[in-house]
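Following: one structure in structure tokens, then a few remarks.
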Amino acid sequence: MEEYKRLVEEIRNCKKCPLYRTRKNAVPGEGPLDADVMLVGEAPGRKEDEQGRPFVGMAGKLLDAILEKVGMPRITVYITNVVKCRPPGNRDPKPDEIRACLPYLRRQIELVRPKIIVALGRISGKLLFEAAGLRWSGISKERGKLRDARVFGVDVRLIATYHPAAALYNPGLRDSIERDLAVVSRSRREADSRRRGTLEDFF
Ligand code: URA
Ligand code: SF4
């Protein structure tokens with residue numbers, strides 16, 4: 001917990017890339033530190049920058065609704081982004097900015113040690129697949145499949161899906177995200193009952 005608080009403070013005061021100049025608030029991320037599912041988006045948008053919290057704008061509302069629908073309420077997952085400060089005008093984060101910010105995501109993964117990591121969108125998908133040494137051939141090819149992977153020394157199941165912002169005006173993408181997150185929710189429940197089963201066997 002102390003280490004997590006230090007990490008959050010560091011992010012809030014960070015000046016390691018030029019994005020600090022234009023941000024109102026850095027957005028470290030939020031959720032239970034023992035969450036078994038971690039969602040990784042791209043970068044904060046306008047609302048997130050104003051509030052210092054991830055996924056609180058329109059895309060966030062859609063994400064909340066989908067999470068609720070698949071039986072994995074938002075408060076049960078840890079949510080963060082690849083880049084912690086808002087790129088001006090919501091442009092894509094640049095490779096240098098991603099590189100500068102990556103140690104924070106690494107420390108979050110090391111601290112939370114999630115069992116499942118969900119990459120939301122192509123930027124996050126490419127980054128996490130590459131971090132795991134997996135080939136990335138685009139979001140529409142890679143989405144929806146859980147893969148065993150090792151990300152920053154943590155053994156996880158890794159899955160990519162579309163970014164909820166892309167689905168705001170595209171019901172087809174929304175259905176895909178829902179299917180993909182339903183896969184995650186089911187996998188989490190199965191792992192959970194296996195864990196319980198093992199404990200019951202033990203006692
Ligand atoms: N889009 C993201 O990728 N992250 C947020 O936190 C909000 C919108
Ligand atoms: Fe620091 Fe990341 Fe914000 Fe850049 S985006 S200033 S590296 S916290």
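This chain uses plain numbering: 1 for the first residue, then up along the sequence. Every number for a ligand or one of its atoms is a count from 1 in the order of the listing.
- Salt bridge Lys126/Glu130: present, at least one basic N to carboxylate O contact under 4.0 Å.
- By the rule that hydrophobic residues join a cluster once side-chain heavy atoms approach within less than 4.5 Å of another member, Ile75 and Val40 end up as members of separate clusters.
- Between Asp92 and Arg122, at least one side-chain nitrogen of the basic residue sits less than 4.0 Å from a carboxylate oxygen of the acidic one, meeting the salt-bridge criterion.
- Contacts classified as side chain to side chain donor-acceptor pair (under 3.5 Å) and involving residues 159-170 (residues at least two apart or in different chains) are given here: Thr161-Asp180.
- For the pair Arg86 and Glu48, the salt-bridge criterion is not met [side-chain N within less than 4.0 Å of a carboxylate O].
- Residue Arg23 approaches ligand 2 through these ligand atoms, each under 4.0 Å from one of its heavy atoms: 3 (Fe), 6 (S).
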What's the verdict on side chain to side chain donor-acceptor pair (under 3.5 Å) for Arg189 and Ser185, showing C-alpha distance, side-chain angles and the deciding distance? CA-CA 6 Å; Arg189 274 197 307 277; Ser185 183; 3.0 Å; yes
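- For ligand 1, the 4.0 Å heavy-atom shell contains residues Gly41, Glu42, Ala43, Glu48, Pro54, Phe55, Asn81, His163.
- Taking 4.0 Å as the cut-off between side-chain N and carboxylate O, Asp64 and Arg74 count as a salt-bridged pair.
- Neighbours of atom 2 (Fe) of ligand 2 restricted to protein N, O or S atoms under 2.8 Å: the count is 1.
- Take Arg12 and apply the side chain to side chain donor-acceptor pair (under 3.5 Å) test, not counting sequence neighbours, and it matches no residue.
- For Glu97 and Lys84, the salt-bridge test fails: no basic side-chain N is under 4.0 Å from an acidic carboxylate O.
- A salt bridge links Asp192 and Arg195; the closest N-O separation between the charged side-chain nitrogens and carboxylate oxygens is under 4.0 Å.
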